[in-house]
Amino acid sequence: QVQLVESGGGLVQPEGSLRLSCAASGFIFRNYDMAWYRQAPAKQRESVASIHTSGSTVYAASVKGRFTISRDNAKNTVYLQMNNLQPEDTAVYYCNANFRQSSRYDYWGQGTQVTVSS
(Lines give C-alpha, C1' and ligand atoms only; values in the text may rest on other atoms or scores of the structure.)
Protein backbone atom coordinates (compact mmCIF):
# COMPACT_ATOMS: atom_id res chain seq x y z
CA GLN A 1 0.00 0.00 0.00
CA VAL A 2 2.70 2.47 0.98
CA GLN A 3 4.86 3.51 -1.94
CA LEU A 4 7.82 5.83 -2.30
CA VAL A 5 9.07 6.08 -5.87
CA GLU A 6 12.28 7.96 -6.57
CA SER A 7 13.19 9.40 -9.94
CA GLY A 8 15.62 11.86 -11.48
CA GLY A 9 18.92 10.10 -10.97
CA GLY A 10 21.48 9.64 -13.68
CA LEU A 11 24.97 10.42 -14.88
CA VAL A 12 26.19 13.98 -14.49
CA GLN A 13 29.53 15.77 -14.77
CA PRO A 14 31.25 17.38 -11.78
CA GLU A 15 29.75 20.79 -10.98
CA GLY A 16 26.53 19.73 -12.67
CA SER A 17 23.03 19.54 -11.19
CA LEU A 18 20.25 17.03 -10.76
CA ARG A 19 16.81 17.19 -9.22
CA LEU A 20 15.50 14.06 -7.53
CA SER A 21 11.82 13.47 -6.93
CA CYS A 22 10.04 11.09 -4.59
CA ALA A 23 6.35 10.44 -5.18
CA ALA A 24 4.54 9.13 -2.10
CA SER A 25 1.26 7.32 -1.69
CA GLY A 26 -0.56 5.16 0.84
CA PHE A 27 -0.17 7.41 3.89
CA ILE A 28 -0.99 10.93 5.03
CA PHE A 29 1.99 12.66 3.49
CA ARG A 30 1.65 16.02 5.27
CA ASN A 31 1.98 14.32 8.69
CA TYR A 32 5.34 12.70 7.91
CA ASP A 33 8.87 13.93 8.12
CA MET A 34 10.64 13.28 4.83
CA ALA A 35 14.30 12.68 4.14
CA TRP A 36 16.84 11.75 1.54
CA TYR A 37 19.53 9.20 2.36
CA ARG A 38 22.36 7.91 0.23
CA GLN A 39 24.65 4.93 0.19
CA ALA A 40 27.90 4.78 -1.73
CA PRO A 41 29.83 1.55 -2.35
CA ALA A 42 31.63 0.34 0.79
CA LYS A 43 30.05 3.10 2.88
CA GLN A 44 27.24 3.26 5.42
CA ARG A 45 23.91 4.72 4.50
CA GLU A 46 23.80 8.34 5.57
CA SER A 47 21.16 11.01 5.88
CA VAL A 48 21.80 13.89 3.51
CA ALA A 49 18.74 16.07 4.00
CA SER A 50 15.51 16.07 6.00
CA ILE A 51 12.41 18.21 5.95
CA HIS A 52 9.98 18.29 8.85
CA THR A 53 6.22 18.60 8.59
CA SER A 54 6.70 22.24 9.55
CA GLY A 55 8.99 22.80 6.60
CA SER A 56 12.16 23.11 8.66
CA THR A 57 15.20 21.44 7.12
CA VAL A 58 18.40 19.73 8.20
CA TYR A 59 21.39 18.99 5.98
CA ALA A 60 24.49 16.89 6.30
CA ALA A 61 27.61 19.02 6.49
CA SER A 62 28.91 17.45 3.29
CA VAL A 63 26.00 18.79 1.23
CA LYS A 64 25.06 21.99 3.05
CA GLY A 65 24.99 24.91 0.66
CA ARG A 66 24.79 22.65 -2.39
CA PHE A 67 21.61 20.62 -1.87
CA THR A 68 18.08 21.82 -1.16
CA ILE A 69 15.24 19.64 0.07
CA SER A 70 11.65 20.72 -0.46
CA ARG A 71 8.18 19.24 -0.36
CA ASP A 72 4.87 19.78 -2.08
CA ASN A 73 2.13 18.42 0.14
CA ALA A 74 -0.51 18.93 -2.55
CA LYS A 75 1.44 16.59 -4.83
CA ASN A 76 2.65 14.19 -2.11
CA THR A 77 6.16 14.71 -3.42
CA VAL A 78 9.52 15.54 -1.89
CA TYR A 79 12.42 16.87 -3.94
CA LEU A 80 16.17 17.10 -3.64
CA GLN A 81 17.82 19.77 -5.76
CA MET A 82 21.51 18.91 -6.04
CA ASN A 83 23.90 21.56 -7.34
CA ASN A 84 27.66 21.62 -7.77
CA LEU A 85 27.77 17.84 -7.71
CA GLN A 86 31.07 16.16 -6.97
CA PRO A 87 32.32 12.59 -7.50
CA GLU A 88 31.92 11.88 -3.78
CA ASP A 89 28.18 12.45 -4.20
CA THR A 90 27.99 9.27 -6.27
CA ALA A 91 25.58 6.92 -4.50
CA VAL A 92 22.17 5.37 -4.55
CA TYR A 93 19.75 7.94 -3.16
CA TYR A 94 16.78 6.77 -1.12
CA CYS A 95 13.60 8.53 -0.09
CA ASN A 96 12.40 8.04 3.49
CA ALA A 97 9.13 8.87 5.24
CA ASN A 98 8.83 8.76 9.01
CA PHE A 99 6.02 9.54 11.43
CA ARG A 100 7.19 11.06 14.71
CA GLN A 101 10.48 9.15 14.80
CA SER A 102 8.73 5.79 14.92
CA SER A 103 9.99 2.48 13.62
CA ARG A 104 6.48 1.27 12.91
CA TYR A 105 5.74 4.11 10.49
CA ASP A 106 9.03 4.28 8.65
CA TYR A 107 9.03 3.77 4.89
CA TRP A 108 11.67 3.57 2.18
CA GLY A 109 11.81 3.83 -1.58
CA GLN A 110 13.78 1.59 -3.91
CA GLY A 111 16.45 4.16 -4.63
CA THR A 112 17.78 5.99 -7.65
CA GLN A 113 21.39 5.95 -8.84
CA VAL A 114 23.35 9.19 -9.04
CA THR A 115 26.76 9.02 -10.71
CA VAL A 116 29.04 12.04 -10.87
CA SER A 117 31.91 11.49 -13.26
CA SER A 118 33.93 13.12 -16.02
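Computation of the quantities below employed the complete heavy-atom set of this structure, encompassing side-chain atoms and omitting hydrogens, waters and symmetry-equivalent molecules.
Other residues, nucleotides and ligands contribute more than 12 heavy atoms inside 6.0 Å of the CD atom of Glu46. In this structure, Gln13 places its CD atom where only 12 or fewer heavy-atom neighbours from other residues, nucleotides or ligands lie under 6.0 Å away. Gln3 CD: 12 or fewer foreign heavy atoms inside a 6.0 Å radius.
Separation of atoms CG (Asn83) and CZ (Arg66) is listed at 9.0 Å; rounding is to 0.5 Å. Interatomic distance, CZ of Arg19 versus OG of Ser70, reported as 6.0 Å (0.5 Å rounding). For the atom pair CE of Met34 and CG of Asn76, the computed distance is 9.0 Å after rounding to the nearest 0.5 Å. Taking CD of Glu88 as the reference point, atom CZ of Arg38 lies at 8.0 Å (rounded to 0.5 Å). Between the CD atom in Glu15 and the OG atom in Ser17 there is a gap of 10.0 Å [rounded to 0.5 Å]. Atom CG of Asn31 sits about 12.5 Å away from atom CG of Asn98, to the nearest 0.5 Å.
The hydrophobic cluster containing Leu80 does not contain Trp108, counting ILVMFWY residues as joined when their side-chain heavy atoms lie under 4.5 angstrom apart, directly or transitively. Note on Val63 and Val12: same hydrophobic cluster, where clusters join Ile, Leu, Val, Met, Phe, Trp and Tyr whose side-chain heavy atoms are under 4.5 Å apart, directly or indirectly. Residues Tyr59 and Met82 fall within the same hydrophobic cluster, defined by Ile, Leu, Val, Met, Phe, Trp and Tyr side chains chained together at heavy-atom separations under 4.5 Å.
Donor-acceptor pairing under 3.5 Å is lacking for the side chains of Asp72 and Thr77.
Side-chain contact check for Asn96 versus Tyr107: every heavy-atom pair is 4.5 Å or farther apart. Annotation: side chain of Leu18 is in contact with side chain of Val114 (closest heavy-atom distance under 4.5 Å). Counting heavy atoms from C-beta on, the side chains of Val78 and Cys95 come closer than 4.5 Å.
Of the possible polar contacts, one joining the Thr90 side chain to the Val116 backbone as a donor-acceptor pair under 3.5 Å is found. Distance alone, capped at 3.5 Å, places no donor-acceptor pair between the Tyr79 side chain and the Thr68 backbone. The backbone N or O of Ser21 lies less than 3.5 Å from no partner atom in the side chain of Glu6, so there is not a single donor-acceptor pair. Looking at Asp89, its side chain does come within 3.5 Å of a backbone N or O of Gln86 through a donor-acceptor pair.
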### Query
What's the verdict on side-chain contact (heavy atoms from CB on, under 4.5 Å) for Trp36 and Cys22, showing C-alpha distance, side-chain angles and the deciding distance?
CA-CA 9 Å; Trp36 288 95; Cys22 173; 3.7 Å; yes
### Query
Do Tyr94 and Tyr37 pass the ring-ring contact (aromatic ring centres under 6.0 Å, His included) test, and can you show the C-alpha distance, the side-chain angles, and the key distance before you say yes or no?
CA-CA 5 Å; Tyr94 298 91; Tyr37 288 71; 8.6 Å; no
### Task
Give the C-alpha distance, both sets of side-chain angles, the deciding distance and a yes or no for side chain to side chain donor-acceptor pair (under 3.5 Å) between Ser54 and Ser56.
CA-CA 6 Å; Ser54 67; Ser56 64; 3.2 Å; yes
### Query
Step by step, would you call Asp33 with Arg100 a salt bridge (charged side-chain N to carboxylate O under 4.0 Å, His left out)?
CA-CA 7 Å; Asp33 298 327; Arg100 285 153 69 159; over 6 Å; no
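For the pair Arg30 and Asn73, the tightest heavy-atom approach, listed with the atom from each and the gap, is CB-ND2, 3.9 Å. For the residue pair Ser47 and Ala60, the shortest heavy atom distance occurs at O-CB, 3.5 Å. Annotation for Leu11 and Ser117: closest pair CD1-CB, 4.2 Å, computed over non-hydrogen atoms.
Checking Tyr105, Tyr32, Phe99 one by one against Phe27, the side chain to side chain contact (heavy atoms under 4.5 Å, CB included) holds for a single residue, Tyr32.
Ring orientation note: the planes of Tyr93 and Phe67 are tilted relative to one another, at an angle of 30° to 60°.
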